[in-house]
*Asks:* 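Pasting in a structure now, in structure tokens, and then I'll have a few things to ask.
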Amino acid sequence: MRDRSARAESGGQEVGREVGRREARGRPVEAGLLGLQRTLGNRGVTALVGRVGGEGDPFAGLPANAVAVHRERGVFMTVPGGVGSVVGMGDPEFFSTGDGAPRGSVELGGVASTAEVVCYGTIGNKTGGPRIPSTSYLIAWYLTRYGHARLFEVRTVASEVLSGQLWNLGMRNDPQALNDMVGDRVAVLAAATRQCAAHGWTLRD
């Protein structure tokens, strides 16, 4: 009887272990999150799941007006006027992907859009913590992406750095106004998209 009871008890333990293994296999994510929760706490799990969830979609969890994200720098750009707005776009703003902390803005002046030309007159990089470089490529991409004109123009280009960046986009000095630089909008869009990608930016379609 004692042997039979021992075997029954042992069998019950094996059955219990097998059931436990099946249940664990049925909910691996839940089991994993519970373990992480014990290790990291609720806030740590939330942050980790947010990062993992964004692996497939770089814009997952970001505001609807986010148009560009740089994973390595941990920063994204938004358009205050909403995606697709041009004349009323406002100054593009930058935020940290980790905690949403403000990282400054790019000040734009003289933004205009007609059937012939989409353009801006002045640009100022007011980002920080640290400063975000080559934002002119992002601006050129956005305006040529959503400004459905024949030409893209930047007026009164006084900076050699900006002039060189616009040259990289295939833009040249306007013969009628030598301080202005102009290019075919579709060609500039393609070049700006390539430059943004080369600088690590993922752009919203």
Side-chain angles (χ1 to χ4, degrees), residues 36 39-86 88-109 111 118 120-147 152 154 157-171 181 183 185 187-205:
L36 286 172
T39 304
L40 302 176
N42 289 332
R43 294 181 63 183
V45 170
T46 300
L48 180 60
V49 171
R51 289 197 295 272
V52 172
E55 286 300 315
D57 178 7
F59 292 93
L62 298 183
N65 64 345
V67 295
V69 60
H70 199 301
R71 280 178 167 170
E72 290 185 8
R73 292 184 180 277
V75 65
F76 63 94
M77 183 181 95
T78 66
V79 176
V83 178
S85 61
V86 174
M89 64 183 290
D91 294 337
E93 298 176 332
F94 293 80
F95 301 89
S96 294
T97 55
D99 56 8
R103 293 285 300 277
S105 64
V106 171
E107 295 181 354
L108 290 176
V111 177
V118 57
Y120 67 82
T122 61
I123 184 171
N125 187 339
K126 304 299 182 182
T127 62
R131 188 175 186 269
I132 302 167
S134 303
T135 54
S136 62
Y137 291 134
L138 289 170
I139 303 306
W141 163 76
Y142 181 84
L143 288 175
T144 55
R145 169 69 177 81
Y146 293 104
F152 175 60
V154 178
V157 179
S159 163
E160 290 186 7
V161 173
L162 177 59
S163 176
Q165 292 172 341
L166 298 178
W167 186 276
N168 291 339
L169 300 180
M171 299 176 67
M181 295 187 69
R185 181 189 64 82
V188 173
L189 171 59
T193 301
R194 289 192 298 269
Q195 287 291 342
C196 288
H199 284 80
W201 290 96
T202 299
L203 307 173
R204 188 184 289 278
D205 291 334

*Asks:* If we ignore hydrogens and angles and just use 3.5 Å, is the side chain of R204 paired with the main-chain N or O of A68 as donor and acceptor?
*Replies:*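 No, the answer is negative, given that no donor and acceptor are paired below the 3.5 Å cut-off.
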*Asks:* Apply side-chain contact (heavy atoms from CB on, under 4.5 Å) to residues F152 and Y120 and explain how you reach the verdict.
*Replies:* CA-CA 9 Å; F152 175 60; Y120 67 82; 3.9 Å; yes
*Asks:* Closest approach of L203 and C196, non-hydrogen atoms and distance?
*Replies:*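 Reported closest heavy-atom pair: CD1-CB, 3.9 Å.
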*Asks:* Please answer whether the main-chain N or O of G98 pairs with a side-chain N or O of S96 as donor and acceptor at a distance below 3.5 Å.
*Replies:*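 Not a single qualifying donor-acceptor pair exists.
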*Asks:* Which atom pair, heavy atoms only, marks the closest approach of V79 to S85?
*Replies:*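 Shortest heavy-atom contact: CG1-OG, 3.8 Å.
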*Asks:* Using side-chain contact (heavy atoms from CB on, under 4.5 Å), reason through M89 and Y146 one step at a time and then give a plain yes or no.
*Replies:* CA-CA 10 Å; M89 64 183 290; Y146 293 104; over 6 Å; no
*Asks:* Could you measure the distance from the CD atom of E107 to the CD atom of E93? Nearest 0.5 Å is fine.
*Replies:*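 Here the interatomic distance stands at 10.5 Å.
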*Asks:* My understanding is that only residues two or more places apart in sequence, or in another chain, count here; which of them pass ring-ring contact (aromatic ring centres under 6.0 Å, His included) with Y137?
*Replies:*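 In terms of ring-ring contact (aromatic ring centres under 6.0 Å, His included), with neighbours along the sequence ignored, Y137 is linked to H199.
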*Asks:* Would you find a donor on one side and an acceptor on the other, under 3.5 Å apart, between the side chain of S105 and the backbone of D91?
*Replies:*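 It does not hold such a pair.
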*Asks:* Under the rule for side-chain contact (heavy atoms from CB on, under 4.5 Å), what residues qualify as partners of S136, not counting sequence neighbours?
*Replies:*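 By the side-chain contact (heavy atoms from CB on, under 4.5 Å) rule, S136 matches I123, L162, Q165.
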*Asks:* Take W141 and L189, measure what side-chain contact (heavy atoms from CB on, under 4.5 Å) needs, and give me the verdict at the end.
*Replies:* CA-CA 5 Å; W141 163 76; L189 171 59; 3.7 Å; yes
*Asks:* At their closest point, which heavy atom of F76 faces which heavy atom of A66, and how far apart are they?
*Replies:*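 Nearest heavy atoms, F76 then A66: CD1-CB, 4.0 Å.
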*Asks:* For T122, check side-chain contact (heavy atoms from CB on, under 4.5 Å) against everything at least two apart and list the hits.
*Replies:*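 Testing T122 for side-chain contact (heavy atoms from CB on, under 4.5 Å), a comparison that skips the adjacent residues, returns none.
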*Asks:* Closest approach of A140 and L169, non-hydrogen atoms and distance?
*Replies:*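 A140 and L169 have their closest heavy atoms at CB-CD1, 3.5 Å.
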*Asks:* Which heavy atom of P58 sits nearest a heavy atom of T202, and at what distance?
*Replies:*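 Heavy-atom minimum between the residues: CG-CG2, 3.7 Å.
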*Asks:* Is there a side-chain contact between W201 and V67, using heavy atoms and a 4.5 Å cut-off?
*Replies:*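 With C-beta onward as the side chain, the pair stays apart.
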*Asks:* If we ignore hydrogens and angles and just use 3.5 Å, is the side chain of R103 paired with the main-chain N or O of P130 as donor and acceptor?
*Replies:*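 Side chain of R103 to backbone of P130, a donor-acceptor pair under 3.5 Å: yes, one is there.
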*Asks:* What is the distance from atom OG of S134 to atom CD1 of I139, rounded to the nearest 0.5 Å?
*Replies:*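 So the gap between those two atoms works out to 12.0 Å.
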*Asks:* Step by step, would you call L143 with V111 a side-chain contact (heavy atoms from CB on, under 4.5 Å)?
*Replies:* CA-CA 9 Å; L143 288 175; V111 177; 4.3 Å; yes
*Asks:* List the atom of V75, the atom of T97, and the distance in Å for their closest heavy-atom pair.
*Replies:*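 Looks like N-CG2, 3.7 Å.
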*Asks:* Measure from the side-chain N and O atoms of N125 to the backbone N and O of I132, and report whether any donor-acceptor pair falls under 3.5 Å.
*Replies:*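 Checking the backbone N and O of I132 against the side chain of N125, a donor-acceptor pair under 3.5 Å is found.
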